[in-house]
There are 2 protein chains.
Amino acid sequence: MQDAPSRPYHHGDLRRAVIETALDMLRDEKGWQFTLREVARRAGVSHAAPYKHFPDKAALLAELAMIGFDRLRESLSAAKPTAPKSLRDELTKVARAYVAFGTDNPALYRLMYSAEEGQAVGIHLDERALAVFDVLLEILRRGQDAGSIRKRPIEGQAAAGWGLIHGMTMLAIDGLLVSEKVGSAPLDAALSTLVEGLGNPAT
Amino acid sequence: MQDAPSRPYHHGDLRRAVIETALDMLRDEKGWQFTLREVARRAGVSHAAPYKHFPDKAALLAELAMIGFDRLRESLSAAKPTAPKSLRDELTKVARAYVAFGTDNPALYRLMYSAEEGQAVGIHLDERALAVFDVLLEILRRGQDAGSIRKRPIEGQAAAGWGLIHGMTMLAIDGLLVSEKVGSAPLDAALSTLVEGLGNPAT
DNA sequence: ACCTGAACACCGTTCAAGT
DNA sequence: ACCTGAACACCGTTCAAGT
């Protein structure tokens, strides 16, 4: 955040500084392929210093991903209307907030889902990601109770919702479907389809 | 494919060999972060040789991504039933083939969608990816004509379909939702929701 | 025309040594 | 307790030189 005066880190909170610097770089760069040495450079420490706080780069990436999921959950909670006019209203607002989080933080979002198998990050997504999943589950459960949502296995409905929203977010980050030229019409149309698939036709 | 005899590449088709070797490595490894030097090593040439056929690593990645989209389109065409029993049948089979392609080729699939902004690959997804998109459009168009699909803007419906299937595929690759323990039930349930959202309730 | 070897400017990671 | 500097084994990329 603030420009550190040129005196070297005597004893400051390097752990936090490394995380903040990395988050800044995630904001600037488009990919999450930043280098640990560059983080150390910007933080004003030697390239070996971060190893006193993180066992390796993957551990830092995992920490960043966790922070990302926390922020995403906060964004979704903030976007959820306290007195929703309708199921459609509620789902649409949450879904838009989700996609907006992704397009606002493309590198961080990509990092969050590059975790687990195959990529650098080694966190188990299950824990944090399911917290996001739970936001969906809660809405759907309430909708089923109120009768505005079809009585179907709720996990499947939530899977459809998460899958669709995650997919739209990824495509939007890639500049596909949702872009400046196209606008958010495809997203809204996709949400309509989802809501029609979830919604109870009897109402 | 075949073990090259130990004599060095006199004049063989190194370009193809590099691509084949890279595809092999994509099959073995889980991420697409293979190194160009390792490709050269396995192909039995010096680490500088590939530069005679590709300007840089990104160019090779772009080529691989294009091959991936071609193969995906072939998989989808092959999976599309010639005489579908119903819209649901057709959509389900294509969608399952799509997800299966992703889980069978996780590294390649990730690479395909790591393109464009932010990541290493520099291809414009629009061209090839839209060929996949077109498979969906064709099914939906036919469904709307036959009356089995709601008359809604077809781009929005295709966006919903692509987004959901892409999202489910990504989550499946990450071991979320669709995994060995859980099975493909969430995928099928999500497809049901999609089909209910797309399908004409009048039929 | 196609490939090699050495070289350059980087990485991630380790470790003895400094304060 | 926390950080540095040098070192190791790698990268991607370039380029003169080889066949």
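For clarity, every value in this text was computed on a predicted model and none was experimentally measured. Throughout, protein chains are lettered first and strands after them, A, B, ... in sequence-line order, and every chain is numbered starting at 1.
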Suppose we screen for salt bridge (charged side-chain N to carboxylate O under 4.0 Å, His left out). Which residues come up paired with A:R142, at least two apart in sequence or across chains?
A:E90, A:E138
I'd like to check B:W32 versus B:L64 (side-chain heavy atoms, cut-off strictly below 4.5 Å). Are they in contact?
no
Listed partners of A:R71 passing side-chain hydrogen bond (donor to acceptor under 3.5 Å, both in side chains), at least two apart:
none
Nucleotide-resolved protein contact map, nucleotides 12-19 of chain C, B/S/- at heavy-atom distance under 4.0 Å:
BBBB----
Check the distance between C:dC2's C1' and B:D13's CG and give it to me in whole angstrom.
12 Å
Please give, in whole Å, the distance from D:dG5 C1' to A:R41 CZ?
15 Å
Just grab all the salt bridge (Lys or Arg N to Asp or Glu O under 4.0 Å) pairs involving residues 159-172 of chain B, residues at least two apart or on different chains.
none
Salt bridge present between B:R15 and B:E63 (N-O < 4.0 angstrom)
yes
Based on Watson-Crick and G-U pairs with both distances under 3.5 Å, what dot-bracket line describes DNA chain C 5' to 3', crossing pairs as [ ] and inter-strand pairs as |?
||.|||||...|||||.||
The nucleotide from C:dC11, D:dT4, D:dC3 with an atom nearest the side chain of A:S46 is D:dT4
Will you find, in the side chains of B:S192 and B:R88, an N or O donor that is under 3.5 Å from an N or O acceptor?
yes
Say whether, by atom type as modelled, one donor and one acceptor occur between the side chain of B:Q144 and the main chain of B:R150 under 3.5 angstrom.
yes
Please list, chain by chain and in numerical order, all residues satisfying side-chain hydrogen bond (donor to acceptor under 3.5 Å, both in side chains) with B:D89, sequence neighbours excluded.
B:K93
